[in-house]
Amino acid sequence: MSRLLHYGSRLAALGAAAGTGWWFGFTSRELDGLPEGLFSGVFGKVSAAALQGYSMQAPAELAPLNPDVPRVTEIMQYGFPSLNNVRARADYVISYDARNRVPYWVCEHLTADRLAKNPDVDRSKCDFHEDPSIHEYFRSENQDYKGSGFDRGHMAAAGNHKLSQFDCNQTFLLSNMAPQVGKGFNRDKWNELESYCRKLTRSYASVYVCTGPLYLPRQEEDGKLYVKYQVLGPNHVAVPTHFFKVVVCETQSGDFELESYLLPNAAIEDSTPLTTFLVPEEVIERASGLLFFDKLSKKSFKKINGKKVGWF
DNA sequence: TTTACTGT
């Protein structure tokens, strides 16, 4: 039997918006069979400065909330999805895909404190600029996006980093961007999902978000599966077919909940509820080659995609 | 409110 199964009618909206609705199937294999601490300890002995890879010095007020713990350690405490080209920014962490000139993933840690209104931070003062920490062969540039019809879509959202102007500025590095359909997606349904993640900080102590692009296979007329995507500009910046967001919410008492979203990079009807795009985390892990929050036992989640989980 | 583009 084919390993590629149509994932179900619930995802029809994804396929309909993006084209043929083929999907990575998955078996009923145990979700918690993954090796414990696959990446744990790797970064425990490496200083945040060593990971920085970027010469801009963060001002003193950007110290982590807990001065004994580097910010990167707070953001990544439940595991790195992968270890390729990792850079720690002031308030988010990125793994950069040098071949596609977009991120593999970005991780953020949201709290109500850090999202509080700050009159000192003005998004309109921010400008998109290329990332000098990326080798010049692999950087995306503004000219790649200009006239392409695609937005420079933030993976780590600007609206999530309002503690200082510096934090906000760093989200405008082009290494943090991927081409997104503007109207109907980046400025609408995707924006709604980002806004929803911020809203979660009203009811949870911490919200951990991992975001990134996907390039999913589609069945073509010959019946075979192909991965096909447009590339933009002189640097051939890849246009992802989909984007994912994996969200872990932590309560004051240390309970965890997980939600995982997968959206097509296409205009989405405004009336479509976000819950339409909930998929099992495993679908995104198999499609991306990443493992999310792998330091957290799968059994620690009290709720997954809005449903209470009984592990006993 | 936040997301960004295009044209001036």
Side-chain angles (χ1 to χ4, degrees), chain A residues 17-18 89-92 94 101-103 105-106 108-131 140-203 207 209-214 230-235 237-245 247 259 261-274 276-277:
Chain A
R89 307 300 188 203
D91 200 37
Y92 69 95
I94 181 172
R101 296 86 157 97
V102 296
W105 52 260
V106 302
E108 299 167 276
H109 170 226
L110 311 184
T111 61
D113 285 352
R114 284 180 169 265
L115 294 175
K117 276 186 184 169
N118 185 349
D120 297 336
V121 178
D122 184 355
R123 183 194 166 109
S124 68
K125 287 180 186 164
C126 293
D127 215 351
F128 296 91
H129 46 107
E130 60 182 90
D131 185 341
S140 63
E141 300 175 284
N142 284 315
Q143 61 168 334
D144 296 315
Y145 288 85
K146 192 167 179 65
S148 70
F150 290 92
D151 280 8
R152 295 164 289 190
H154 286 66
M155 295 294 96
N160 292 348
H161 306 278
K162 301 202 289 193
L163 203 63
S164 75
Q165 190 67 43
F166 181 86
D167 286 21
C168 186
N169 289 349
Q170 274 208 332
T171 71
F172 278 76
L173 288 167
L174 286 176
S175 53
N176 180 45
M177 305 297 160
Q180 291 186 319
V181 169
K183 196 166 160 26
F185 186 68
N186 182 36
R187 306 172 201 177
D188 296 291
K189 194 56 64 183
W190 183 255
N191 185 27
E192 183 183 328
L193 179 58
E194 291 176 334
S195 182
Y196 166 76
C197 291
R198 287 192 283 274
K199 194 175 167 186
L200 288 170
T201 62
R202 297 182 197 170
S203 35
V207 177
V209 185
C210 186
T211 307
L214 287 173
Q230 188 183 349
V231 295
L232 306 181
N235 295 302
V237 179
V239 180
T241 64
H242 292 73
F243 290 92
F244 67 81
K245 214 177 253 299
V247 186
E259 293 181 359
Y261 294 88
L262 180 46
L263 280 70
N265 187 13
I268 294 168
E269 187 67 41
D270 215 37
S271 60
T272 311
L274 282 176
T276 306
F277 304 102

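The chains referred to below are lettered A, B, ... by the order of the sequence lines, with proteins before strands, and numbering in each begins at 1. In what follows, every heavy atom counts, from backbone to side chain, and hydrogens, waters and symmetry copies are set aside.
One interatomic measurement links the two molecules: NZ of A:Lys117 to P of B:dT2, which rounds to 8 Å at whole-angstrom precision. Per the geometry, CZ belonging to A:Arg152 stands 19 Å off P belonging to B:dT2, to the nearest Å. Computed from coordinates, the A:Asn160 CG to B:dT1 P distance equals 17 Å when rounded to whole Å. Atom CZ in A:Phe150 sits roughly 17 Å away from atom C1' in B:dT6 (whole-Å rounding). Nucleotide B:dT3 holds its P atom 11 Å from the NZ atom of A:Lys245, rounded to whole Å. Between the C1' atom of B:dT2 and the CG atom of A:Leu110 lies a distance of 15 Å, rounded to the nearest Å. Atom CD in A:Gln143 sits about 14 Å away from atom P in B:dT6, given to the nearest Å.
Residues passing the side chain to side chain donor-acceptor pair (under 3.5 Å) test with A:Asp91, sequence neighbours excluded: A:Arg71, A:Arg114, A:His161. Legend: residues meeting side chain to side chain contact (heavy atoms under 4.5 Å, CB included) with A:Pro273, ordered by chain and number and at least two apart, are A:Thr275, A:Thr276.
The CG atom of A:Asp127 sits 7.5 Å away from atom CG of A:Asn142, with the distance rounded to the nearest 0.5 Å.
Near DNA chain B, meaning a heavy atom under 4.0 Å from it, residues 176-193 of chain A has A:Asn186, A:Arg187, A:Asn191 in order of number.
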Could you walk me through whether A:Glu259 and A:Phe277 satisfy the side-chain contact (heavy atoms from CB on, under 4.5 Å) test, starting with their C-alpha distance in whole Å, then the side-chain angles of each, then the deciding distance to 0.1 Å, before giving a yes or no?
CA-CA 10 Å; A:Glu259 293 181 359; A:Phe277 304 102; over 6 Å; no
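Between A:Phe243 and A:Thr211 there is no side-chain heavy-atom pair separated by less than 4.5 Å. Looking at heavy atoms from C-beta onward, A:Leu263 lies in side-chain contact with A:Lys189 at the 4.5 angstrom threshold.
Among the protein residues, A:Gly147 comes within range of the sugar-phosphate backbone only, with heavy atoms under 4.0 Å from sugar or phosphate atoms but none that close to a base. Contacts of A:Lys162 with the nucleic acid, taken as non-hydrogen atoms under 4.0 Å apart, involve only primed sugar atoms and P, OP1 or OP2. A:Tyr145 comes within 4.0 angstrom of nothing in the nucleic acid, heavy atoms only.
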